[in-house]
Amino acid sequence: MSNSEVSWLSWLFSITVWKERFLGLQKRITDLPDNLRIATLTSWRDKERGLAVFAGVFLASLVITLVLIYGVGLSQAFLEESIEQTVFDSKIEFKSAPEQGASGWTNDTVVLQQMCDEVVLRKEFNDCTLVLGKSGLHSEISWGNDAAFYASPLLMESIESSDQDKKWDTKDLWNYEYTTGPPVINVRAISFLGPEAFDGVLAERLSENIIYEMGEWKTHEEVNNERGIYIPLDIASAAGAEVGDNLDTLTFTYTYERSLPGAMEDEDCPGEIIEGQEYRLMYCQVKLSLENVTILGIYEPWPQGNPVLAANPIYSTWTLLSEEQQITLIDKDHVYLGIAVDRSLLPTASISAAETWLDEISNDMQKQTFDNGNVKIFYVDIISGTILWLEFVLGFVQVFDYILMIPVVILSLYLLIYCLELSLEQRRREISIHRSIGATADKLKGMVLFELFIISSAAWVGGYILAFFAVPIILSSVGFMQFESLDIDINPVLSIGATFFTILATLGLALLFGRSRTQKFLEMEIDEGVKKTAQSGKPRTWLHVIMLFIGTLGAIDTYQELSTGGTGIISNWFLGGLINIFGPFMLWIGGCLLYTSPSPRDKRQSRM
């Protein structure tokens with residue numbers, strides 16, 4: 001063993017060395033309260049110097065935290081608003097399409113309703129109903145999944161009424177463009193709901209869009225007795241329909257068979273062959289009719305959501321159908337269980353948390369069977385499908401937002417450096433005086449950095465906390481200093497990694513810059529530090545004034561828009577949009593820079 005290794009091992013296991021280290025650490029801990037008190041008093045005594053540091057770190061912490069947490073809050077807002085636009089959160093289909101003689105399915109509505117009763121016993125679900133409507137996918141909806149083109153809804157064919165004032169024969173009345181998912185058949189759909197959809201959670205969701213004084217979402221007994229239907233507002237407007245109108249006949253079609261182009265002949269179809277919008281798939285549509293139905297309500301259409309469900313259909317109850325019609329629709333796969341998830345249990349702090357929770361439910365449900373194993377199911381998670389689309393859209397939105405925020409972050413960091421420069425420059429003469437009376441470099445450096453740490457830490461905490469309160473306000477912004485209340489609760493959570501990044505970008509930068517400047521002051525000659533005026537560039541007051549002017553211009557423009565109800569002083573939409581985005585930050589940063597600029601009195605004192 002070499003002498004150097006022996007010396008190193010002796011040092012490592014030396015009791016004296018460890019004792020000195022322990023005593024030094026103990027002394028630091030003992031002196032910490034006094035040092036903290038002194039640093040706080042010093043910061044308070046030199047308020048102008050401390051305020052400059054506090055303002056710079058506080059603003060940088062606020063802006064950087066806001067930029068990071070804005071993406072979290074935006075995804076949370078998008079998620080909550082998106083799930084509010086769907087009636088069903090998930091659906092249960094047969095594992096494979098029904099075939100005569102095959103096992104794993106049933107056309108017994110009693111058994112299917114019993115399946116719903118079993119589903120709602122789980123704590124994750126709070127409502128379920130049997131629906132006769134869009135046929136099943138029997139697989140996950142995803143990009144490139146051709147099964148989506150085979151899932152066709154029940155299509156509206158016609159309505160006949162003896163009231164000649166109504167316009168049920170309007171051309172293209174039943175044409176409806178589906179804007180989400182693959183275009184299958186652009187025809188208005190109809191869905192027949194079970195009794196459970198007319199009370200409980202599903203009834204609450206469906207009733208929300210019933211237009212005031214245009215009917216109400218009634219109980220199943222009333223809907224069944226009055227043979228009621230509910231129609232969307234656009235159909236009612238085009239046909240001149242009103243609540244209470246009696247309709248002689250309502251005709252719709254179901255898909256008897258599907259095939260690739262050219263593979264189906266007229267003699268193979270007992271109904272009418274139509275072609276789809278995409279791939280030109282052929283659908284054999286067979287008519288069914290309801291007699292003597294009444295319009296019980298008109299609803300405001302929802303924004304089109306997940307394409308596994310038919311958007312904004314005609315609603316009725318399947319108890320109006322004959323038993324033969326019910327069995328026919330189930331045999332042709334126009335059946336599913338519509339489920340309402342207990343949304344209060346859904347984690348909305350982040351999309352990833354929601355995905356994890358939903359995946360656990362989906363994986364468990366896929367293993368379930370019903371009717372003593374005779375019915376095998378496929379569980380379709382509609383919310384997860386919505387999240388997939390949200391992630392795609394949010395990716396573009398957040399990239400655009402972050403690009404716009406880059407100049408704001410740069411401005412806040414510029415303000416941080418400027419404020420630190422202004423504050424630390426005032427310590428140069430103080431440090432040189434302390435050196436002249438015998439203070440050591442380590443003590444002086446520790447004194448400056450500890451004071452800087454105290455102020456910066458308080459500023460970082462203040463900015464960090466304020467950012468969480470400000471996110472809902474930012475998300476509700478519809479223009480420069482214009483806000484609309486949110487109908488949802490936003491409670492974003494920032495990850496540990498993101499929080500650590502804000503600490504490094506603000507508190508860490510402040511300490512590194514402070515250490516560098518203090519080291520530079522310690523390397524100066526004492527006479528130079530005491531007497532010589534620092535050779536620093538003139539503050540760019542003109543830039544600060546321009547920033548303040550642009551921010552003020554945006555505020556005046558917004559005030560004029562709110563007061564007159566018309567356009568503001570900035571008529572160009574692009575320029576007005578930029579000022580709406582950057583105006584608040586420029587107003588804030590420009591004002592802070594001008595406020596913290598050294599006054600003539602400060603400059604005279606620095607030369608003394």
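Bear in mind the structure is a predicted one, so any value in this text is a computation, not a measurement.
A pairwise comparison of heavy atoms in Ser207 and Glu204 identifies OG-O, 3.0 Å as the closest pair. Across Leu137 and Val308, no two heavy atoms sit closer than the pair CD1-CG1, 3.6 Å. Taking every heavy atom of both residues into account, Ser152 and Ser135 meet most closely at N-OG, 2.8 Å. Between Thr129 and Pro195 the shortest heavy-atom distance is OG1-N, 4.3 Å. Counting all heavy atoms, side chain and backbone alike, Val223 lies closest to Leu320 at O-CD2, 4.4 Å. The shortest non-hydrogen separation linking Val87 to Leu202 is O-CD2, 3.8 Å.
Side-chain atoms of Arg188 never come within 3.5 Å of backbone atoms of Met156 as a donor-acceptor pair (strictly under, hydrogens ignored). Between the side chain of Asn312 and the backbone N or O of Trp302, at least one donor-acceptor pair lies under 3.5 Å. A distance-only check finds no donor-acceptor pair linking the side chain of Thr249 to the backbone of Glu291 [under 3.5 Å]. Side chain of Gln326 to backbone of Leu321: a donor-acceptor contact under 3.5 angstrom is found. No donor-acceptor pair closer than 3.5 Å links the side chain of Asp333 to the backbone N or O of Pro98. A donor-acceptor pair is defined here as one N or O able to donate and one able to accept, closer than 3.5 Å; no such pair exists between the side chain of Asp127 and the backbone of Ala340. Of the possible polar contacts, none joining the Trp168 side chain to the Ala239 backbone as a donor-acceptor pair under 3.5 Å is found.
Residue pairs meeting the side-chain hydrogen bond (donor to acceptor under 3.5 Å, both in side chains) criterion with at least one partner in residues 110-119, sequence neighbours excluded, do not occur; the list is empty. Screening residues 86-137 for disulfide bond (SG atoms under 2.5 Å apart), with sequence neighbours left out, gives Cys116-Cys128.
Applying the salt bridge (Lys or Arg N to Asp or Glu O under 4.0 Å) test to Arg258 and every residue at least two apart in sequence or in another chain returns nothing. With sequence neighbours excluded, the residues that form a side chain to side chain contact (heavy atoms under 4.5 Å, CB included) with Glu323 are Ile327. The ring-ring contact (aromatic ring centres under 6.0 Å, His included) search around Phe88 returns none, not counting sequence neighbours. Evaluation of the side chain to side chain contact (heavy atoms under 4.5 Å, CB included) rule for Thr294 yields Asn246, Leu296 as partners, not counting sequence neighbours. Here Lys95 pairs with nothing under the salt bridge (Lys or Arg N to Asp or Glu O under 4.0 Å) rule; sequence neighbours left out. By the side chain to side chain contact (heavy atoms under 4.5 Å, CB included) test, Glu265 pairs with Glu267, Asp268, sequence neighbours left out. Remark: Asp89 engages Arg205, Arg343 in a salt bridge (Lys or Arg N to Asp or Glu O under 4.0 Å) (not counting sequence neighbours). For Tyr230, the ring-ring contact (aromatic ring centres under 6.0 Å, His included) partners at least two apart in sequence or on another chain are Trp217. Residues satisfying the salt bridge (Lys or Arg N to Asp or Glu O under 4.0 Å) test with Asp371, not counting sequence neighbours, are none. A search for ring-ring contact (aromatic ring centres under 6.0 Å, His included) contacts involving His220 returns Phe198, not counting sequence neighbours.
Rounded to the nearest 0.5 Å, atoms OH (Tyr256) and CD1 (Ile273) are 12.0 Å apart. With rounding to the nearest 0.5 Å, the separation of CD1 in Ile339 from CD1 in Ile92 is 3.5 Å.
Residues Tyr176 and Tyr178 place their aromatic rings such that the two centres sit under 6.0 Å apart.
Geometric assessment of Lys134 against the ring of Tyr336 yields a negative cation-pi assignment under the 6.0 Å and 45° thresholds.
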Verdict with reasoning, Ile295 to Ile229, per side-chain contact (heavy atoms from CB on, under 4.5 Å): CA-CA 5 Å; Ile295 298 176; Ile229 66 171; 4.2 Å; yes

Side chain to side chain donor-acceptor pair (under 3.5 Å) between Thr319 and Asn224, worked out: CA-CA 7 Å; Thr319 56; Asn224 187 62; 2.9 Å; yes

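The aromatic rings of Tyr254 and His334 sit perpendicular, their planes meeting at an angle over 60°, well past the 30° parallel limit.
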